[in-house]
Trainee: 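The structure under discussion is supplied below as structure tokens; questions concerning it will follow.
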Amino acid sequence: MGRPKPQVIQQQHRDAASKLDVIVIGAGLGGLGAAISIALTGHKVHIVEAASEIGEIGAGIQVLPNSSRVLFSWGMEEQLARHATRPKQCNYLHWKGGNISHMDFHEYAEELGTPFWDFHRANLHLELLNRAKELGATMETNSKVAGIEYEYPEEGRTVAVAVLENGGRRTADLIVGADGINSRCREILLGRPDPPVLTGDLAYRLLLNTEDMMKDPELRTFIENPQVNYWMGPDAHAVNYVLRGGKLFNMVLLVPDDMPAGANTVAGNVEEMCALYKDWDPRIPKLLALCDSVFKWRLCIRPNLNPTWSHESGAFTILGDAAHATLPYLASGAGMSLEDGHVLGLCLGRLAGKSDDEKKKALKVYERCRRERTEKIVARGNLQQHLYHVHDGAEQEERDRLLKEFSVFNGRGKPASEEELQEKGLEDTSDPFPWRWHGVGKWLLPYQCEPDVEQRWAEVESEAASVESRRRASTEVRAQL
Ligand SMILES: Cc1cc2nc3c(=O)[nH]c(=O)nc-3n(C[C@H](O)[C@H](O)[C@H](O)COP(=O)(O)OP(=O)(O)OC[C@H]3O[C@@H](n4cnc5c(N)ncnc54)[C@H](O)[C@@H]3O)c2cc1C
């Protein structure tokens with residue numbers, strides 16, 4: 001018997017003395033998540049978005065149980081379940097086609113209490129937008145933020161002003177920069193240019209209409225039995241899964257970056273893409289032959305936002321890809337953004353006033369909950385890049401050996417004991433299948449924002465209390481001298 005579902009959070013009411021005006025910059029998955037969580041705690045939220053229309057590119061997104069837990073707690077289970085596919089399992093295959101290992105998603109979901117979900121991004125995005133509006137968040141589009149300024153309406157209270165490219169100014173007690181990987185907010189916070197870091201990989205993203213696939217007995221099984229498949233090959237891998245109850249099939253191809261300097265997204269060439277996979281499992285060229293057009297995305301990361309994620313005034317912070325963009329190889333970038341938003345909301349929910357000290361305390365707890373976890377995700381994403389792309393030979397044989405050895409724990413519903421790992425000569429966290437318990441599954445999937453905030457809030461309060469008591473003691477000593 002696994003964990004129960006999380007409780008749905010009810011919207012709080014808050015009096016004027018502690019009700020913040022919050023501006024969220026960016027209506028991506030992270031920004032909308034933050035808007036929901038902050039609105040749930042009774043603060044006033046306004047979203048400022050650069051684009052003229054709200055929407056996500058036509059592609060799929062995997063949502064892991066730690067992120068579906070967040071969505072459930074925002075009261076979104078029912079609306080989202082209508083759009084979601086619940087794949088039975090995830091398979092790792094050799095690039096030529098042989099099965100190497102698998103993970104049973106339903107087994108893990110049973111234990112964790114929330115599902116692995118696959119969405120068309122547009123569905124997830126629109127439902128988040130609807131929920132944010134339902135909770136009272138407002139939004140303006142065509143409003144690109146160019147700078148942040150600070151004003152001091154009273155002693156001990158700073159407000160931040162988002163300065164728009166069109167000259168407009170929007171003032172708030174707290175501004176949350178959720179402006180994605182090419183973040184202006186990150187550079188404003190750091191006070192210097194800080195471009196994303198290249199990873200050497202790019203992604204082709206395509207959506208196939210499944211009617212054509214259903215005509216081919218070899219391809220039809222992909223639709224009839226929804227699973228997530230990863231083929232791993234030299235310098236490249238391929239991922240696919242079903243969307244919208246079998247109406248669409250999502251494919252992502254990860255290959256070496258050959259894009260011109262400066263470009264982030266360009267139209268891809270279908271023949272070139274097909275040529276890269278011509279010698280792979282014959283089902284892949286067959287699938288790619290069904291594709292008419294494709295875009296390619298350069299994959300970058302955003303490691304190490306130092307020294308801190310928030311401005312010293314307590315009136316400006318950032319989240320999501322702006323803070324910690326990762327390679328998509330753990331399917332966790334958006335998940336981390338949703339967790340960021342949830343944690344930030346929970347911290348702001350504990351405010352008793354609007355002073356700088358109050359806000360700084362909330363932001364300190366927020367960063368303490370988020371920094372280490374997101375840095376570990378970025379690091380493991382980089383490791384997966386290596387593991388997914390090794391060439392056939394000794395290293396690939398060792399990876400596949402480990403994948404198979406760790407498969408003996410499949411079907412248990414929980415991690416193996418230390419003794420058992422030792423007996424088998426296996427090291428915890430060295431399963432190349434990242435989501436299984438002995439990859440990063442043990443700390444990634446069961447995570448819950450609420451107890452983390454609870455614990456770190458108490459930690460920060462007790463640190464502040466001991467600083468205060470040391471300060472008092474030294475004042476007394478000085479007074480006695
Ligand atoms: C190929 C690929 C596959 C992926 N697959 C997964 C997956 O399966 N699961 C998963 O969890 N994650 C996945 N991700 C990662 C995920 O897409 C991102 O981590 C997530 O979308 C980040 O959300 P965000 O809100 O931080 O940024 P974004 O979604 O980029 O949103 C930023 C928003 O800010 C707006 N904006 C930008 N600048 C300004 C400005 N100056 N002023 C006002 N508005 C501004 C933008 O218009 C945009 O709306 C994948 C990524 C890629 C590239």
Side-chain angles (χ1 to χ4, degrees), residues 23-35 47-57 59-68 70-71 87 90 116-121 124-125 128-129 139-148 162-166 168 170 175-188 196 199 201-206 228 230 237 239-241 243 250-255 264-265 295-302 318-341 374 377-378 381 435 444:
I23 286 180
V24 176
I25 301 174
L29 299 173
L32 293 175
I47 306 164
V48 176
E49 166 59 47
S52 55
E53 270 178 53
I54 296 300
E56 273 275 345
I57 46 115
I61 185 157
Q62 300 184 67
V63 168
L64 311 182
N66 51 307
S67 333
S68 59
V70 169
L71 297 165
C90 177
F116 288 83
W117 267 343
D118 292 341
F119 289 104
H120 190 293
R121 279 173 178 259
L124 175 59
H125 199 244
L128 286 167
L129 180 61
M139 183 172 66
E140 63 183 300
T141 52
N142 279 319
S143 299
K144 187 167 186 182
V145 173
I148 304 281
V163 182
L164 308 184
E165 252 184 19
N166 63 16
R170 308 283 180 267
I175 292 185
V176 181
D179 55 345
I181 189 152
N182 296 302
S183 174
R184 174 83 192 107
C185 289
R186 182 177 174 120
E187 297 194 328
I188 294 168
T199 61
D201 282 0
L202 68 80
Y204 286 98
R205 296 162 103 173
L206 42 141
V228 179
Y230 280 71
H237 71 286
V239 184
N240 63 25
Y241 49 90
L243 300 177
N250 184 69
M251 280 200 75
V252 191
L253 309 174
L254 299 307
V255 302
N264 292 322
T265 311
F295 270 87
K296 49 188 193 179
W297 268 257
R298 166 171 278 143
L299 297 180
C300 294
I301 56 174
R302 284 288 200 177
I318 67 174
L319 61 66
D321 273 10
H324 48 66
T326 172
L327 273 165
Y329 300 166
L330 291 183
S332 283
M336 288 302 111
S337 309
L338 296 175
E339 284 184 2
D340 287 351
T374 52
I377 292 286
V378 175
W435 306 286
L444 173 63

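First listed ligand is number 1; within each ligand, the first listed atom is number 1.
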Trainee: For Arg205 and Phe295, indicate whether the former's side chain and the latter's backbone hold a donor-acceptor pair under 3.5 Å.
Mentor: no
Trainee: Under a 4.0 angstrom heavy-atom cut-off, which atoms of ligand 1 come close to Val48?
Mentor: 43 (C), 44 (N)
Trainee: I need the contact type for Ser332 against ligand 1. Using non-hydrogen atoms and a strict under-4.0 Å cut-off, is it side chain, backbone, both or neither?
Mentor: backbone
Trainee: Would a distance-only check, ignoring hydrogens and angles, find a side-chain to backbone donor-acceptor pair under 3.5 Å from Thr199 to Leu299?
Mentor: yes
Trainee: Would you call the rings of Tyr329 and His237 parallel, tilted or perpendicular, where under 30° means parallel and over 60° means perpendicular?
Mentor: perpendicular
Trainee: Taking non-hydrogen atoms only, is Asp321 closer than 4.0 angstrom to ligand 1 via side chain, backbone, both or neither?
Mentor: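 Asp321 to ligand 1: contacts from backbone and side chain alike.
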Trainee: Taking 4.0 angstrom as the limit and counting only heavy atoms of Gly333, give me the atoms of ligand 1 inside it, by number and element.
Mentor: 10 (C), 11 (O), 12 (N), 15 (C), 19 (O)
Trainee: Closer than 4.0 angstrom: is that true for some heavy atom of Leu299 and an atom of ligand 1?
Mentor: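 Contact present.
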Trainee: Would you give the length of the straight line joining atom CG of Leu338 to atom CG of Leu319, rounded to the nearest 0.5 angstrom?
Mentor: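 That separation rounds to 10.0 Å.
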Trainee: Distance to 0.1 Å, residue and atom name: give those for the protein heavy atom nearest to atom 41 (N) of ligand 1.
Mentor: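 Its nearest protein heavy-atom neighbour is Val145 O, 3.1 Å.
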Trainee: Using atom types as modelled and distance alone, determine if a side-chain donor or acceptor of Tyr241 lies under 3.5 Å from a backbone N or O of Ile61.
Mentor: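 Yes; at least one donor-acceptor contact below 3.5 Å.
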Trainee: Strictly distance-based, threshold 3.5 Å: is any side-chain N or O of Asp201 a donor or acceptor partner for the main-chain N or O of Leu254?
Mentor: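 A pair under 3.5 Å: no.
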Trainee: Kindly say whether Gly320 contributes a backbone atom to a donor-acceptor pair with the side chain of Asp340 at under 3.5 angstrom?
Mentor: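 Yes, the answer is positive, given that a donor and an acceptor are paired below the 3.5 Å cut-off.
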Trainee: Closer than 4.0 Å to some heavy atom of Gly320 - which atoms of ligand 1 meet that?
Mentor: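 Ligand 1 atoms under the 4.0 Å threshold to Gly320: 26 (O).
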Trainee: As a check for students: among Gly31, Ala203, Gly30, identify the option with a heavy atom nearest to atom 24 (P) of ligand 1.
Mentor: Gly30
Trainee: How far is atom 46 (C) of ligand 1 from the closest protein heavy atom, and which atom is that?
Mentor: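 Of the protein heavy atoms, Glu49 OE2, 3.5 Å lies nearest.
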Trainee: Would you say Ala59 touches ligand 1, if touching means a heavy atom closer than 4.0 Å?
Mentor: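 Flag not set, Ala59 not near ligand 1.
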Trainee: Return yes if some donor-acceptor pair links the side-chain N/O of Arg184 with the main-chain N/O of Ala146 below 3.5 Å, else return no.
Mentor: yes
Trainee: Nearest to atom 3 (C) of ligand 1, what protein heavy atom do you find, and at what distance?
Mentor: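 For atom 3 (C) of ligand 1, the nearest protein heavy atom comes out as Pro328 CB, 3.6 Å.
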Trainee: Would you say the side-chain atoms of Asp179 pair up with the backbone N or O of Ile25, donor to acceptor, closer than 3.5 Å?
Mentor: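 Side chain of Asp179 to backbone of Ile25: no pair is present.
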Trainee: Under 4.0 Å from a heavy atom of Lys144: which atoms of ligand 1 are those, numbered in the order shown and with their elements?
Mentor: 40 (C), 41 (N), 42 (N)
Trainee: Measure the distance from atom 30 (O) of ligand 1 to every protein heavy atom, then report the residue, atom name and distance (to 0.1 Å) of the closest one.
Mentor: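 It is Gly180 CA, 3.6 Å.
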Trainee: Counting non-hydrogen protein atoms only, what is the nearest one to atom 38 (N) of ligand 1? Give residue, atom name and distance.
Mentor: Asp179 CB, 3.5 Å
Trainee: So is there a nitrogen or oxygen of Ile181 less than 3.5 Å from a nitrogen or oxygen in ligand 1?
Mentor: no
Trainee: Evaluating non-hydrogen atoms only, which member of Ser183, Ala334, Gly60 is closest to atom 15 (C) of ligand 1?
Mentor: Ala334
Trainee: May I ask you to list the atoms of ligand 1 that are less than 4.0 angstrom from any heavy atom of Ile25?
Mentor: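 Per the distance check, 42 (N), 43 (C).
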Trainee: Using a strict 4.0 Å cut-off to heavy atoms of Ala178, name the atoms of ligand 1 that fall inside it.
Mentor: 32 (C), 33 (C), 34 (O)
Trainee: Write down the atom of Ser143, the atom of Val48, and the distance for their closest heavy-atom approach.
Mentor: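 Minimum heavy-atom separation between Ser143 and Val48: O-CG1, 3.3 Å.
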Trainee: Distance to 0.1 Å, residue and atom name: give those for the protein heavy atom nearest to atom 2 (C) of ligand 1.
Mentor: Arg205 NH2, 3.6 Å
Trainee: Judged by atom type as modelled, is there a donor-acceptor pair below 3.5 Å linking the side chain of Ser67 to the main-chain atoms of Pro65?
Mentor: no
Trainee: Around atom 34 (O) of ligand 1, find the nearest protein heavy atom and jot down its residue, atom name and distance.
Mentor: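 Scanning the protein heavy atoms, the shortest distance from atom 34 (O) of ligand 1 goes to Gly26 CA, 3.3 Å.
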Trainee: Might you point out which heavy atoms bring Ala162 and Ile175 nearest each other, and give the distance in Å?
Mentor: N-CD1, 3.5 Å
Trainee: Taking all non-hydrogen atoms of both residues, which atom of Ser68 and which atom of Val63 are closest, and how far apart?
Mentor: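 Scanning both residues, the minimum pair turns out to be N-CG1, 3.7 Å.
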Trainee: Out of Arg121, Glu53, His125, Gln62, whose heavy atom sits nearest atom 4 (C) of ligand 1?
Mentor: Arg121
Trainee: With heavy atoms only and a cut-off of under 4.0 Å, state how Ala325 meets ligand 1: side chain, backbone, both or neither.
Mentor: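 Ala325 to ligand 1: no contact under 4.0 Å from either part.
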Trainee: Is a side-chain donor or acceptor of Glu49 paired with a backbone partner of Ala27 at a separation under 3.5 angstrom?
Mentor: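 Checking the backbone N and O of Ala27 against the side chain of Glu49, a donor-acceptor pair under 3.5 Å is found.
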Trainee: Please could you name the atoms of ligand 1 that Gly335 approaches to less than 4.0 Å, counting only its heavy atoms?
Mentor: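 So the answer, numbered in order with elements, is 11 (O).
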Trainee: Among all the protein's non-hydrogen atoms, which is closest to atom 44 (N) of ligand 1, and how far away is it?
Mentor: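 Protein heavy atom with the smallest distance to atom 44 (N) of ligand 1: Ala50 N, 3.1 Å.
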Trainee: Relative to the heavy atoms of Gly28, which atoms of ligand 1 are at a distance of less than 4.0 Å?
Mentor: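 Result: 25 (O), 29 (O), 31 (O), 33 (C), 49 (O).
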Trainee: Spell out, as yes or no, whether a donor-acceptor pair under 3.5 Å connects the side chain of Arg302 to the backbone of Ala322.
Mentor: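 Side chain of Arg302 to backbone of Ala322: no pair is present.
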